Amino acid sequence: MADDPLSTVFAALADPTRRAILARLAEGAATVKELSAPFAMSGPAVSKHLRVLERAGLIVRGRDAQWRPCTLDATPLREVSEWADGFRRFWDDSYRRLDAYLERMKEQEDGH
């Protein structure tokens with residue numbers, strides 16, 4: 001497992017099942033059984049995914065009688081968002097160059 005928190009979060013997000021679990025938890029707390037329902041995998045397999053998400057700090061497991069509901073903790077996603085925002089200027093510049101290129105092409109077509 002990676003040493004830095006951002007790498008741990010990216011590793012957790014790399015799996016589509018874990019991303020689907022996070023999307024489900026964004027709607028509210030759920031038990032392992034509820035989280036397992038949409039997947040064609042065993043409860044223990046889902047529990048392994050939950051452990052990865054828990055280690056990354058993306059979910060918290062509580063206790064309610066015999067249930068251990070999972071809840072989303074989106075705090076680590078803020079660091080992911082801040083990291084991705086660092087590339088916003090790159091994409092903005094690329095789109096500006098594309099817009100300028102398309103405008104030049106349009107002007108050339110209109111000139112004929």
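No hydrogens, no waters, no symmetry mates; every other heavy atom, side chains included, goes into these values. Just so it is clear, the model here is predicted, and its values are computed rather than measured.
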Identify the two heavy atoms, one from Ala29 and one from Pro69, that lie closest to each other, and give their separation to 0.1 Å.
CB-CB, 4.4 Å

Indicate yes or no for a side-chain donor-acceptor contact from Ser94 to the backbone of Phe90 under 3.5 Å, with no hydrogens or angles considered.
yes

Name all residues meeting the side-chain contact (heavy atoms from CB on, under 4.5 Å) criterion together with Ala20; count only those two or more places apart in sequence or in a different chain, and write none if there are none.
Phe39

Min side-chain heavy-atom separation Lys106-Leu102 under 4.5 Å:
no

Restricting to side-chain contact (heavy atoms from CB on, under 4.5 Å), what partner residues turn up for Tyr95, sequence neighbours left out?
Trp91

Just how far is it from atom CZ of Arg104 to atom CD of Gln108, taken to the nearest 0.5 Å?
8.0 Å

Indicate the atoms forming the closest heavy-atom contact of Gly43 with Val32, along with that distance.
O-CG1, 4.2 Å

Starting from Val9, can I reach Val60 by hopping between I/L/V/M/F/W/Y residues whose side chains sit under 4.5 Å apart?
no

Residues which pass side chain to side chain donor-acceptor pair (under 3.5 Å) with Arg88, listed by chain and number, not counting sequence neighbours
Asp85

Is the shortest side-chain heavy-atom distance between Leu25 and Thr71 below 4.5 Å?
no

What pairs of residues pass the side chain to side chain donor-acceptor pair (under 3.5 Å) test when at least one of them lies in residues 35-47, not counting sequence neighbours?
none

Path from Val46 to Ile59 over hydrophobic side-chain contacts below 4.5 Å
yes

Who passes side chain to side chain donor-acceptor pair (under 3.5 Å) against Asp93, sequence neighbours left out?
Arg96

How long is the straight-line distance from CD of Glu109 back to CD of Glu107, given to the nearest 0.5 Å?
11.0 Å

Minimum side-chain heavy-atom gap Leu53-Leu72 below 4.5 Å
no

For a side-chain contact (heavy atoms from CB on, under 4.5 Å) check, start with the C-alpha distance between Thr17 and Met41, then their side-chain angles and the critical distance, and finish with the verdict.
CA-CA 10 Å; Thr17 300; Met41 63 178 67; 3.8 Å; yes

Considering only residues two or more places apart or on different chains, which pairs with a residue in residues 75-84 satisfy salt bridge (charged side-chain N to carboxylate O under 4.0 Å, His left out)?
none

Can you run down the side chain to side chain donor-acceptor pair (under 3.5 Å) pairs that involve residues 57-70, sequence neighbours left out, and say none if there aren't any?
Glu54-Arg61

Where is the tightest heavy-atom contact between Arg18 and Ala12, given as atom of each residue plus distance?
NE-O, 2.8 Å

How would you list all residue pairs meeting salt bridge (charged side-chain N to carboxylate O under 4.0 Å, His left out) that involve residues 26-35, not counting sequence neighbours?
none

With sequence neighbours left out, write down each residue that passes salt bridge (charged side-chain N to carboxylate O under 4.0 Å, His left out) with Arg89, or none if nothing qualifies.
none

Suppose we screen for ring pair (Phe, Tyr, Trp, His ring centres under 6.0 Å). Which residues come up paired with Phe87, at least two apart in sequence or across chains?
Trp83

Results of side-chain contact (heavy atoms from CB on, under 4.5 Å) for Asp99 - residues two or more places apart only
none

Distance-only, no hydrogens or angles: does the Arg19 side chain make a donor-acceptor pair with backbone N or O of Leu13 under 3.5 Å?
yes

Side chain to side chain, Leu35 and His49, heavy atoms closer than 4.5 Å:
no

